[in-house]
Amino acid sequence: AMCEGAETEVNCAVDCAAEPPQPPVCTRADPAVSISPPSGEIATDGGSADYRVSVTNNDSTACADSIFALSVNDSDTGVNFVVPSTLGQSSVTLAPAALADVSLTVTGQPGAPDGSTNATSVTAVDPAANHTSVTSSAVTTTVNVGGGGVVCEDITTKTDCRNEPTCQWKKNACTSR
């Protein structure tokens, strides 16, 4: 009943009180997945670059918590990078409007040549199928060790050898650590 017209205030209050309140409606919306920073560099041989993956649950507040399973997609096949790249956790449980940050580590293979790149994205999948899967934009990690992957045995002086973090001077020769 609407409270309008010639009804008295008493009747109006009774009419309105008789209407049960409508339960809030759960409106599902796909999560947002992003990675920052947009690119990174690996500056040591076999080193890694760290990123932050942010997952946001965009459901309305009337919805129950959602679980999102996370998986990594790498463009490199394991030649120059360790694949798959590593996530700090494989899933997040989020209340509506909540955000979680998960670490992402992209690691280079020892001896990967400078300029090697790996484009990495993260996909969030709802095992309960209340959401479609969402994949982040890719971040690009570039190997830039410097010196083009130094071969320690090619260095002839003790000083140059000691200045190279991956090398050591032993028995009058430069060798890999």
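Fair warning: this is a prediction, and the values are worked out from it, not measured in the lab. Throughout, numbering of the chain's residues begins at 1 and tracks the sequence.
Atom-to-atom distance recorded for Asp50:CG and Thr105:OG1 is 4.5 Å, nearest 0.5 angstrom. Here the CH2 atom belonging to Trp169 is positioned 12.0 Å from the CG atom belonging to Asn163, to the nearest 0.5 angstrom.
Remark: side-chain polar atoms of Ser121 are not paired, donor with acceptor, to backbone N or O of Ala138 under 3.5 angstrom. With hydrogens and angles disregarded, no donor-acceptor distance shorter than 3.5 Å links the side chain of Asp160 to the backbone of Ile155. In terms of modelled atom types and a separation under 3.5 Å, the side chain of Asp76 and the main chain of Val79 share a donor-acceptor contact. Distance alone, capped at 3.5 Å, places no donor-acceptor pair between the Gln168 side chain and the Arg162 backbone. With Asn57 contributing its side chain and Leu94 its backbone, the two residues share a donor-acceptor pair below 3.5 Å. A donor-acceptor pair is defined here as one N or O able to donate and one able to accept, closer than 3.5 Å; such a pair exists between the side chain of Asn58 and the backbone of Asp30. Using a distance-only test at 3.5 Å, with no hydrogens or angles considered, a donor-acceptor pair links the side chain of Ser75 to the main chain of Ala119. Without hydrogens or angle criteria, Tyr51 side chain to Pro38 main chain gives no donor-acceptor distance under 3.5 Å. A donor-acceptor contact shorter than 3.5 Å links the side chain of Gln89 to the backbone of Ser91. Under a 3.5 Å cut-off, the side chain of Asn144 and the backbone N or O of Glu41 do not form any donor-acceptor pair.
Side-chain contact check for Val72 versus Thr120: some heavy-atom pair is nearer than 4.5 Å. Side-chain contact between Pro31 and His131 is present, with heavy atoms from C-beta onward closer than 4.5 Å. At a threshold of 4.5 Å between non-hydrogen side-chain atoms, the residues Thr107 and Ser85 do not count as touching. Leu70 places none of its side-chain heavy atoms less than 4.5 Å from the side chain of Ser90. Counting only heavy atoms from C-beta outward, the side chains of Val143 and Asn80 never approach each other to under 4.5 Å. By the 4.5 Å heavy-atom criterion applied to side chains, Asp74 and Phe81 are not counted as neighbours. At a threshold of 4.5 Å between non-hydrogen side-chain atoms, the residues Thr141 and Ile42 count as touching. Between Val134 and Thr123, every side-chain heavy-atom pair lies at or beyond the 4.5 Å cut-off.
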Check step by step if side chain to side chain contact (heavy atoms under 4.5 Å, CB included) holds for Ile35 and Leu104. CA-CA 9 Å; Ile35 309 176; Leu104 169 67; 4.1 Å; yes
Where do Val139 and Ser39 land on the side chain to side chain contact (heavy atoms under 4.5 Å, CB included) test, with the steps shown first? CA-CA 5 Å; Val139 292; Ser39 63; 5.9 Å; no
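In the model, Ser66 has a side-chain atom that pairs as donor or acceptor with a side-chain atom of Arg28 under 3.5 Å.
A distance below 2.5 Å between sulfur gamma atoms is met by Cys26 and Cys63. For the two cysteine residues Cys167 and Cys174, the thiol sulfurs sit 2.5 Å or further apart.
Clustering ILVMFWY residues whenever any of their side-chain heavy atoms sit less than 4.5 angstrom apart, transitively, puts Leu87 in the very cluster that holds Val106.
Nearest approach of Val145 to Asp45, heavy atoms of both residues: CG2-N, 3.7 Å.
Of the candidates Val102, Leu99, Val122, Val33, Ser54 forms a side-chain contact (heavy atoms from CB on, under 4.5 Å) with just one, namely Leu99.
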